[in-house]
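One structure is given below, encoded as structure tokens.
Scope of the values below: all heavy atoms of this structure, side chains included, with no hydrogens, waters or symmetry mates. Below, chain A is the first sequence line, B the second, and so on; all start at residue 1.
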Number of protein chains: 2
Amino acid sequence: MSADRLSWKDVRDRIRDQILQRAYAPGDKLPRDADIAQEFGCARSTVQRAMQDLSDSGLIERKRKGGTHVRADPVTRATLDIPITRLEVEETGSVYGYQLIDRQVLPVPREIAAKLEQVEAKSMLRVQALHLADHKPHILEDRWVSIETAPEILDVDLSRESANEWLVRNKPYTRFDLRIYAIAADAQTARMLAAEPGDALLVIDRTTWVGADPITTVRSITIPGYQLLTKS
Amino acid sequence: MSADRLSWKDVRDRIRDQILQRAYAPGDKLPRDADIAQEFGCARSTVQRAMQDLSDSGLIERKRKGGTHVRADPVTRATLDIPITRLEVEETGSVYGYQLIDRQVLPVPREIAAKLEQVEAKSMLRVQALHLADHKPHILEDRWVSIETAPEILDVDLSRESANEWLVRNKPYTRFDLRIYAIAADAQTARMLAAEPGDALLVIDRTTWVGADPITTVRSITIPGYQLLTKS
DNA sequence: CAGTGGTCTAGACCACGCA
DNA sequence: GCGTGGTCTAGACCACTGT
């Protein structure tokens, strides 16, 4: 009934338990991988795999020559999945809808250029759109798309397909930046989202690059009551 | 000048580039690991390591027998690190401060019990406290701590050490839940945070368990303008 | 049943970083 | 320098799951 071989998850769980039970306190040094492997009777690479997982989850810190230590300053490390808005809506069983509000090629304001880490401010495509769930407002997005990096966006019929979806499917990025904050709805935003002026709204700013080239920066304003949940 | 051996990161980058350049489109099937290994002239486990990374970052999906596919519904997957509040403040170069507002053993409201996934509502320790940065309000926390799971909390001098810090250092969890949303400041909250009533505030709810036993649930209300940033 | 990813092993060498 | 984690290899077997 008992496994005669240890999997890396078994090793991980045993080490984690030892840490939770204070056999090793925060800041303490753990034995070398090789010693742990010998103690557990498994290969060193199995211990290595377990340690990698514990390190990823923020429980321990590993350094060459320095060894493995229990983190002295524990962090809560969470994973946030931000799907395409359409899928997010459909996953709750709601009907997804989409409205293009505005689409213009405009000179880029200074603060948008800064977000994209661009020195010279050229013209970009600005797209404002509303995502609907069950025919009611869900997320209002205000987006700038680089025409240099993604010229094809000019040929996309953005009244049919959201820039969100087109970009995610057609312009993969290599790097991105997310920031999350709260704003109070102004009169115009409130009208668009069918909210009251002054309502507190969660906002998600996302900027993406491919290499050093900026693709897009978007400010997604959610309806009152919207919550972000972590996966694990 | 050139590495004669491929590292798993090299393999990952080459595969990622092929995906970015549409050699494989969303939904497409990639070759078997063994074939890729042969093509690249490396061991299969090296390809496996690369694939694991791409899978973790949400670019591909892998199934036994099913093979490896480029994700048809790309997600933005971010990592969120939430440190101890004191360290978060000190990292910005500010002076950290802390004030205990209230500490009482109270019967648990129904909605708090629900958050903790508890059926019977027993008494818990409720702690309200304010974290300061440079002597100004920073985060207001409203916390419930399970006396059954963490009885030692009753002996901690919470006017000196924050429950946040004590718990993180002394009650490691095995599971947690995070939710992030926005609220408008009510009169009392505004007063505590030196904000204006109606200000939009970012709120982080965190609940932790060890096994099936609840440890604590906390609602952290941040000052106006607070931003959450992702790590990568 | 059979194909594919997941894991384990044993051994080797490398790279980083502290002394 | 030298100790420790990081990685690579080659091969084997396992486990899941589609056909």
Side-chain angles (χ1 to χ4, degrees), chain A residues 1-16 18-19 23-24 26-72 77 79 232, chain B residues 1-16 18-19 23-24 26-72 77 79 232:
Chain A
M1 288 311 104
S2 67
D4 47 345
R5 274 203 193 186
L6 288 178
S7 79
W8 66 265
K9 289 184 180 179
D10 296 330
V11 175
R12 177 198 62 189
D13 291 345
R14 284 176 61 172
I15 296 172
R16 182 201 278 140
Q18 290 183 325
I19 294 173
Y24 301 103
D28 281 5
K29 183 174 187 173
L30 276 71
R32 305 153 40 205
D33 290 4
D35 290 344
I36 293 180
Q38 191 168 25
E39 180 196 334
F40 286 3
C42 66
R44 180 164 79 90
S45 52
T46 304
V47 175
Q48 158 81 17
R49 182 72 183 80
M51 290 297 195
Q52 180 198 322
D53 194 72
L54 292 170
S55 182
D56 283 349
S57 69
L59 228 205
I60 62 174
E61 269 179 334
R62 282 160 75 74
K63 276 186 199 167
R64 286 162 147 127
K65 166 77 179 180
T68 304
H69 291 258
V70 180
R71 280 190 75 123
R77 186 165 293 170
T79 302
S232 172
Chain B
M1 287 310 106
S2 67
D4 48 346
R5 274 206 194 185
L6 288 178
S7 79
W8 67 265
K9 289 184 181 179
D10 296 329
V11 174
R12 177 199 61 188
D13 291 345
R14 285 177 59 171
I15 296 172
R16 182 201 279 140
Q18 291 184 323
I19 294 174
Y24 301 102
D28 280 5
K29 184 173 186 173
L30 276 70
R32 306 153 40 206
D33 289 4
D35 290 344
I36 293 179
Q38 192 168 24
E39 180 194 334
F40 285 3
C42 66
R44 181 164 79 91
S45 51
T46 304
V47 176
Q48 156 82 18
R49 182 71 184 80
M51 290 296 196
Q52 181 198 320
D53 193 72
L54 291 171
S55 181
D56 283 348
S57 69
L59 228 206
I60 62 174
E61 271 180 333
R62 282 159 74 75
K63 276 185 198 167
R64 285 164 149 128
K65 167 77 179 179
T68 303
H69 290 258
V70 180
R71 279 190 74 125
R77 185 166 293 169
T79 302
S232 176

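- Between the C1' atom of C:dC14 and the CG atom of B:L6 lies a distance of 16 Å, rounded to the nearest Å.
- Remark: side-chain polar atoms of B:R62 are not paired, donor with acceptor, to backbone N or O of B:Q52 under 3.5 angstrom.
- Residues B:K29 and A:C42 both approach DNA chain C. Their nearest nucleotides, taken by heavy-atom distance, put B:K29 toward the 5′ side.
- With D:dG18, C:dG3, D:dT9 as the candidates, the nucleotide lying closest to the side chain of B:K63 is D:dG18.
- Residue B:S45 has its side chain nearest to D:dA10 when only D:dT17, D:dA10, C:dT7 are considered.
- At least one donor-acceptor pair closer than 3.5 Å links the side chain of B:S7 to the backbone N or O of B:D10.
- Residue B:G67 is in sugar-phosphate contact alone, with no base atom involved, counting any heavy-atom pair closer than 4.0 Å across all strands shown.
- For A:Q38 and C:dC8, the CD to P distance is 19 Å, given to the nearest whole Å.
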**OP:** Please step through side-chain contact (heavy atoms from CB on, under 4.5 Å) for the pair B:I60 and B:I19, ending with a clear verdict.
**Re:** CA-CA 9 Å; B:I60 62 174; B:I19 294 174; 3.8 Å; yes
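- Going from atom CG of B:D53 over to atom P of C:dG6 covers 13 Å, rounded to whole Å.
- Between the C1' atom of D:dT9 and the CZ atom of B:F40 lies a distance of 17 Å, rounded to the nearest Å.
- Between the side chain of A:R44 and the base of D:dG6, at least one donor-acceptor pair of N or O atoms lies under 3.5 Å.
- In this model, the phosphate group of C:dG5 is approached by a side-chain N or O of B:T68 to a distance below 4.0 Å at OP1 or OP2.
- Rounded to an integer number of Å, the gap from B:H69 NE2 to D:dG18 P is 10 Å.
- By the 6.0 Å contact criterion, CD on B:Q38 is open, its count of non-hydrogen atoms from other residues, nucleotides or ligands being 12 or less.
- Per the geometry, CG belonging to B:D33 stands 16 Å off C1' belonging to D:dG11, to the nearest Å.
- A:Q48 comes within 4.0 angstrom of a base, heavy atoms only.
- Each of A:K65 and A:M51 was assigned the nucleotide of DNA chain D with the nearest heavy atom; the assignment lying further toward the 5' end belongs to A:K65.
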Original post:
Could you go step by step and tell me if A:L54 and A:I15 meet the side-chain contact (heavy atoms from CB on, under 4.5 Å) rule?
Top reply: CA-CA 9 Å; A:L54 292 170; A:I15 296 172; 3.7 Å; yes
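- For B:I36 and C:dG5, the CD1 to C1' distance is 12 Å, given to the nearest whole Å.
- Computed from coordinates, the B:R64 CZ to C:dA2 P distance equals 19 Å when rounded to whole Å.
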